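In what follows, a single structure is set out as structure tokens and then discussed.
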Amino acid sequence: MRQHEHTRSGPYEHHGDHEHRKGATSWSMAAQATLHCLTGCAIGEIAGMAIGTALAWHNVPTMILAIVLAFVFGYSLTMRSVLRAGLDVRSALRVALAADTVSITIMELADNGTIALFPGAMDATLSDALFWLSLALSFVVAFLLTTPVNKWMITRGKGHAVVHQYH
């Protein structure tokens, strides 16, 4: 079997050297997948907000840049790990898209929605405590909403489960 092929037989899913019982995904595994995703999202979000604020952009273009960079950094972290496992760039990109798209999308909706609803957060600057407090809260909300989704997807062999075979 080629290294990146994924087969299923009986009640088990085989991911390279890992074998997981279907439906037996732990909350710890889902939390780890979510933290991995959150790391890329946080880097992109903070970079986008810092750039938009430094350039004195309005809220909407700053938020768009932050979201785009969250996806870029989220996918990049996954691609980095699967490229190290020997995949070519095209295959690594496919794995990253399959592993992270749903998770990043939910995370971005949750954290940007939290910031949009947090009183005064949209107008806070990088030097305001309100900016960092609302951003931290938005990441907590995003983590709490995305972890159950990641658990559900991993249990079904989707999302972060497609990356397991490369660890």
Side-chain angles (χ1 to χ4, degrees), residues 4 27-85 87-164 166-167:
H4 64 277
W27 282 103
S28 174
M29 184 185 298
Q32 286 177 322
T34 305
L35 283 174
H36 178 268
C37 184
L38 183 61
T39 300
C41 287
I43 293 168
E45 288 277 339
I46 293 169
M49 288 183 208
I51 292 167
T53 300
L55 296 174
W57 288 1
H58 293 286
N59 290 337
V60 172
T62 298
M63 189 175 276
I64 291 169
L65 177 62
I67 291 168
V68 167
L69 291 178
F71 275 91
V72 168
F73 280 95
Y75 290 142
S76 296
L77 287 179
T78 297
M79 284 186 67
R80 186 185 77 177
S81 67
V82 296
L83 284 168
R84 272 194 256 147
L87 261 64
D88 62 281
V89 173
R90 186 178 178 141
S91 296
L93 179 58
R94 280 193 211 135
V95 169
L97 292 172
D100 295 333
T101 299
V102 171
S103 183
I104 294 172
T105 300
I106 291 169
M107 197 164 285
E108 286 304 299
L109 288 169
D111 72 30
N112 285 289
T114 301
I115 289 171
L117 294 174
F118 199 98
M122 291 295 290
D123 297 318
T125 63
L126 297 174
S127 61
D128 295 331
L130 177 60
F131 172 86
W132 296 103
L133 176 65
S134 63
L135 186 61
L137 176 65
S138 76
F139 290 149
V140 169
V141 169
F143 177 83
L144 293 174
L145 292 176
T146 307
T147 300
V149 174
N150 280 335
K151 184 177 187 307
W152 180 81
M153 289 189 327
I154 292 167
T155 299
R156 283 149 187 80
K158 308 281 187 216
H160 189 74
V162 302
V163 177
H164 285 199
Y166 306 106
H167 292 266

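Since the structure is predicted, the reported quantities are computational estimates derived from the model, not experimental observations.
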Inset, instruction - Enumerate the residue pairs fulfilling side chain to side chain donor-acceptor pair (under 3.5 Å) with a member in residues 112-126, sequence neighbours excluded, ordered by first and then second residue. - result: Glu45-Asn112, Glu108-Asn112, Thr125-Ser127, Thr125-Asp128
Legend entry - Pairing residues for Asn59 by the side-chain hydrogen bond (donor to acceptor under 3.5 Å, both in side chains) criterion, not counting sequence neighbours: none
Legend entry - Within residues 111-140 or reaching into it, pairs that qualify as ring-ring contact (aromatic ring centres under 6.0 Å, His included) - sequence neighbours excluded: none
Legend entry - Worked check of side-chain contact (heavy atoms from CB on, under 4.5 Å) between Val141 and Asp111: CA-CA 7 Å; Val141 169; Asp111 72 30; over 6 Å; no
Inset, instruction - First locate atom CD1 of Ile51, then atom CD1 of Ile46, and finally report the distance between them rounded to the nearest 0.5 Å. - result: 12.0 Å
Legend entry - Separation of Asp88 CG from Arg94 CZ (nearest 0.5 Å): 7.5 Å
Show me the side-chain donor-acceptor pairs of residues 29-43 shorter than 3.5 Å, one per line, residues at least two apart or across chains.
from: Thr34; atom 1: OG1; to: Ala30; atom 2: O; distance (Å): 2.8
from: Thr34; atom 1: OG1; to: Thr147; atom 2: OG1; distance (Å): 3.3
from: Thr34; atom 1: OG1; to: Asn150; atom 2: ND2; distance (Å): 2.7
from: Thr39; atom 1: OG1; to: Leu35; atom 2: O; distance (Å): 2.8

Inset, instruction - Would you give the length of the straight line joining atom OG of Ser138 to atom CG of Leu117, rounded to the nearest 0.5 angstrom? - result: 11.0 Å
Legend entry - Gap separating the CE atom of Met79 from the CG atom of Leu93, nearest 0.5 angstrom: 5.0 Å
Inset, instruction - Please name all residues satisfying side-chain hydrogen bond (donor to acceptor under 3.5 Å, both in side chains) with Thr78, sequence neighbours left out, ordered by chain then number. - result: Asp100
Legend entry - Spacing of Ile104 atom CD1 and Ile67 atom CD1 [to the nearest 0.5 Å]: 12.0 Å
Inset, instruction - With sequence neighbours excluded, give me every ring-ring contact (aromatic ring centres under 6.0 Å, His included) pair touching residues 52-83. - result: Phe71-Tyr75
